[in-house]
There are 2 protein chains.
Amino acid sequence: MSGTPFSTKQRILEAAESLFARHGFAGASLRQVTSAAKVNLAAVNYHFGSKDKLIEEVFRRRLDELNRRRLKALEALQDDASLEEALSAFITPALELAHEGEGGAAFVRVLARAYAEHNDQLRAFLSNNYGHVLKRFTQVFAGKLPHLSRDELYWRTDIVAGALTYAMADFGIIQRRPNVSEREHRAQAIEHLIRFASAGLRAD
Amino acid sequence: MSGTPFSTKQRILEAAESLFARHGFAGASLRQVTSAAKVNLAAVNYHFGSKDKLIEEVFRRRLDELNRRRLKALEALQDDASLEEALSAFITPALELAHEGEGGAAFVRVLARAYAEHNDQLRAFLSNNYGHVLKRFTQVFAGKLPHLSRDELYWRTDIVAGALTYAMADFGIIQRRPNVSEREHRAQAIEHLIRFASAGLRAD
DNA sequence: CTATGCTTCAAACGATCGTTTGAGTTCCTG
DNA sequence: CAGGAACTCAAACGATCGTTTGAAGCATAG
């Protein structure tokens, strides 16, 4: 198997991630993908079975990594860690992944697209690979916000996830200014998000 | 012109809105649209010129209405209105529109898709029809948050817009429970968003 | 009534889509 | 070295895409 510096499978995954991010799942054709990956058109169906399966694999690869990092950051926390620290364990890995190489940024947009697609199959897949992590974090938040009811906590965690998704995908109007490095821009985004979210969570 | 209860043009717009919401711009074909609208396939190119122009029209129709309502709500505010009231003028029209009939919900998803598409042409269009409203609101927020620097204010307004977009599109994990009416669910969403956002904006 | 301009229609255009095929190549194993 | 699995390849499949065409329908104005 494999052989070349990067295997056919990996090259397809990376090209697909980038093209799905730019043109959407329906908008990016397998011919574009295989052409960018410099592999034969039939390779996708050979290695992944279908375009849909390829889409799933694009998700799985990055989501596994993101979840791994989030849980690791969460476990590194002391019991008496602040709400801000817990939020950082949730937010920082996401925004870091979002700016790692070309693929990271691409994946984040793909993720945002998945939300937008409202595709039930994809949502179920995301919920399965993602839901338990969100649950863990919600529990930690709950411990640091004893004044919140369950309902209240769910709503606010949801809002945090929304603001984060939005920030990850660079949807906002705020564009990084030329004199600010990408690393610095990300640091600012993390800082603002945590400050905003912790105040929002603590409200009342 | 027109004739039937609803003109060909309107029927196309409504069918397109619904189908773009469900399958995306690339994912919904003109044949699906014209079939759902019960009009001839060629009618789209006759009335709108192209599929892209049709997409633009889908946006213009709803965005004009949303902006109109937001500005009206903003102007109805007293000078000494609270931050929460200003936020409500921004948030409430959006979430109301998002739950008006079938078309409203569809449009919101279309809007979310537009964000995800990262299509420069569409983004420019949105910025032109939308930017000045956001600027107006930011100014009002600024008046009620004198402790914030310009940068800080921009960041936080951006986060609010993100959380709102997320909430409008029903991206969140929180699903309306069967024993809660849609109207009540929306009211809760508005309430939670305002409380969260006002605390986040006031942070520090 | 005829003529004119707007609208609708069925049909077809070339292009591109995801997928399949079957022969060819490569590489490890026995 | 022979055999076979793993993989790549060019070519083609039928389906569907956005768009165009030219004739037919239909109202209003002269």
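Chain naming here is simple, since letters A, B, ... match the order of the sequence lines and numbering starts at 1 in each.
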Exercise. C/dA15 P sits how many Å from A/Gln32 CD, rounded?
Worked result: 17 Å
Problem set entry | side-chain N/O B/Asn40 vs C/dA10 OP1/OP2, d < 4.0 Å | yes
Problem set entry | Protein-nucleotide distance (A/Asn45, atom CG; D/dA10, atom C1'), rounded to Å | 15 Å
For this session: Let me know the distance between NZ of A/Lys9 and P of D/dC7, rounded to the nearest Å.
Result: 8 Å
For this session: State, without any angle test, whether B/Arg11 and B/Ser7 hold a side-chain donor-acceptor pair at a distance under 3.5 Å.
Result: no
Exercise. Which atoms form the tightest heavy-atom contact between A/Ala89 and A/Leu77, and what is the distance?
Worked result: CB-CD1, 4.4 Å
Exercise. Could you give the OH-to-C1' distance, from A/Tyr46 to D/dC7, as a whole number of Å?
Worked result: 5 Å
Exercise. For B/Phe48 and D/dT19, what is the distance between atoms CZ and C1' respectively, to the nearest whole Å?
Worked result: 16 Å
Exercise. Do A/Glu84 and A/Glu191 come within less than 4.5 Å of each other through their side chains, counting heavy atoms only?
Worked result: no
Exercise. Taking the side chain of A/Ser29 as its heavy atoms from C-beta onward, which of C/dG18, D/dC17, D/dT19 lies nearest to it?
Worked result: C/dG18
Problem set entry | Closest to side chain of B/Lys51, choosing from D/dT8, C/dT7, D/dG18 | D/dG18
Exercise. Phosphate oxygens OP1/OP2 of C/dC6: is one of them under 4.0 Å from a side-chain N or O of B/His47?
Worked result: no
For this session: To the nearest Å, give me how far apart CG (B/Leu30) and C1' (C/dA10) are.
Result: 17 Å
Exercise. Would you call A/Lys9 and A/Glu14 a salt bridge, using N to O less than 4.0 angstrom?
Worked result: no
For this session: Send over the distance from A/Arg31 CZ to D/dC13 P, rounded to a whole Å.
Result: 13 Å
Exercise. Please give, in whole Å, the distance from D/dC7 P to A/Gln10 CD?
Worked result: 14 Å
For this session: Using a cut-off of strictly less than 4.0 Å, decide whether A/Thr8 has a side-chain nitrogen or oxygen near OP1 or OP2 of D/dT8.
Result: yes
Exercise. What nucleotide among D/dT21, C/dG18, D/dC17 has an atom nearest to a side-chain atom of B/Ala42?
Worked result: D/dT21
Exercise. Want to settle it: does A/Ser50 or B/Ala43 sit nearer the 5' end of DNA chain C, counting the closest nucleotide to each?
Worked result: B/Ala43
For this session: State plainly whether the residues A/Arg61 and A/Glu65 are in salt-bridge range, i.e. N to O under 4.0 Å.
Result: no
